[in-house]
Amino acid sequence: MRIYKVGGAVRDRLLGIPVTDIDWVVVGATTEEMLAKGFRPVGADFPVFLHPKSGEEYALARTERKSGRGYGGFTFHASPEVTLEEDLIRRDLTINAMAEDDQQNLTDPYHGQRDLEARLLRHVSPAFAEDPLRVLRVARFAARYAALGFTVAPETLELMRQLSESGELEALTPERSWKEISRALMEDQPQVFIEVLRACGALKVLMPEVDALFGVPQPPAHHPEIDTGAHTLSVLEQAALHKQPLTVRWACLLHDLGKGLTPEEEWPRHIAHEFKGLKLIKAVNERFKAPRDCQELAMLVGEYHTHGHRALELKPSTLLELLQSFDIYRRPHRFEEFIAACEMDARGREGLEQRSYPQADYLRGAATAARSIAVQPLLEKGFKGPELGEAIKRERLKALKAYKEQV
Ligand code: CTP
């Protein structure tokens, strides 16, 4: 039995990046031998085991063949005869298809090291096409390693284009897609993920609502970059630069979907795009079964982001409606995330990246004013039920009027 480190651990060590997860491949062993050594099997018919002490993944060297559509459509062949080279050739990228023994001797039959140096994300073999999720994986690696100068090799992009056109992407489960999307959005340059998906035609399949934003103009006075797709990418870029959480990044990506629905004769204006976009945001949310906090924030940011920008001009009653919609009394954190998304939207515009955003503090101040209303004195005055609700609202409105006058 020979054991090798494989995949990301080898790649990242060679890149000088800290390694967090280690995957191992075991050559020349049977399932029975692994079990006898105390390894715990991961799945019933998957030749992967967890180390009894470290908990790291050890996979028997295997070959894979696609036998049908989707992720279920695989047959595995794991046996002691499968060689390391045979295992490596079915992997996605050359930089992920290197192995290392305990002496750090590298096995690199598909020239991963050369591609690391050339900064190229290149597929190992036609077996790449056996798992369509790899289209998203490559885009995610492009986002992660963009700062190091990595790009997708033209022949790999071509293969990704063929896969996107083949209808295979539709067979991906929402869970697998979301895992890739959410990881990619948390990379340092998430906009590159979207760019690569667009370049190979996958964006049109996965998120046609986002793809439709490219080529749609906006008024140059507010949007010097003009193109709505370019703006969306810049907003995402700002969100990453400002280390925003996933919820905010997801909301940034989807905030302007309504602009893709504007009839051309109305361009470059987008009347009521906030409201029109909601059904599209809902559809994308549901397509990937995004977690509830991501779904909720995306809908709220979609509906109210222009309220955020106009915060200082809003009437106290509109301001109160905004605060109520966010349920700022029970969900203060969500309102902070809304403010952050609005700020990223304001900065994600050509030449305006450094602008100040006084709306942020103004909105925080308004929330504090509305929250300052205590219920107890109203109860003591005898208000109950719906009347109590009305009285609280009146007091909050008064507080907001005073706040607006004082700022
Ligand atoms: N792999 C693959 N195709 C997939 C998933 C994984 O070929 N769809 C292979 C690659 O060789 C990869 C290894 O399995 O390097 C481990 O996969 P995973 O842990 O998902 O990714 P890492 O490459 O370790 O990258 P990350 O740093 O993102 O975890």
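Counting begins at 1 with the first residue of the sequence. Order of appearance sets the numbers: ligands from 1, and atoms from 1 within every ligand. Not measured: the values here are computed from a predicted model.
Of all atoms in ligand 1, numbered sequentially from 1 with element shown, those under 4.0 Å from a heavy atom of G7 are 15 (O). Short contacts between ligand 1 and R134, defined as distances under 4.0 Å to a heavy atom of the residue, involve ligand atoms 2 (C), 3 (N), 4 (C), 7 (O), 8 (N). Within ligand 1, counting atoms from 1 as listed, the ones closer than 4.0 Å to a heavy atom of R144 are 26 (P), 27 (O), 28 (O). Per-residue contacts place F141 under 4.0 angstrom from the following atoms of ligand 1 (heavy atoms of the residue considered): 23 (O), 25 (O), 28 (O).
For ligand 1, the polar-atom distance check against R140 finds a nitrogen or oxygen pair separated by under 3.5 Å. Of the polar atoms of R11, at least one N or O is found under 3.5 Å from an N or O of ligand 1, judged by distance alone.
Contact check on E336 versus R364 returns a salt bridge, with a Lys/Arg side-chain nitrogen under 4.0 Å from an Asp/Glu carboxylate oxygen. Salt bridge E175/K289: present, at least one basic N to carboxylate O contact under 4.0 Å. Between E395 and K398 there is a salt bridge, with a side-chain nitrogen of the basic residue lying less than 4.0 Å from a carboxylate oxygen of the acidic one.
Between F338 and F326, the ring planes are tilted. Angles from 30° to 60° get that label.
Considering each of D92, I22, D21, the one bringing a non-hydrogen atom nearest atom 10 (C) of ligand 1 is D92. Of the listed options V138, N96, D131, V10, D131 places a heavy atom closest to atom 8 (N) of ligand 1. The closest non-hydrogen atom to atom 19 (O) of ligand 1, taken over D23, L93, T20, comes from D23.
Using a 4.5 Å heavy-atom cutoff, the side chains of L106 and Y4 are not in contact.
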Distance-only donor-acceptor pairs under 3.5 Å for side chains of residues 194-217, two or more places apart:
{"residue": "E209", "atom": "OE1", "partner": "R287", "partner atom": "NH1", "Å": "3.1"}
{"residue": "E209", "atom": "OE2", "partner": "R287", "partner atom": "NH2", "Å": "2.5"}

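Every pair passing ring-ring contact (aromatic ring centres under 6.0 Å, His included) that includes a residue from residues 171-194 is listed here, sequence neighbours excluded: W178-W250.
Residue contact check for ligand 1: R183 places a non-hydrogen atom closer than 4.0 Å to it.
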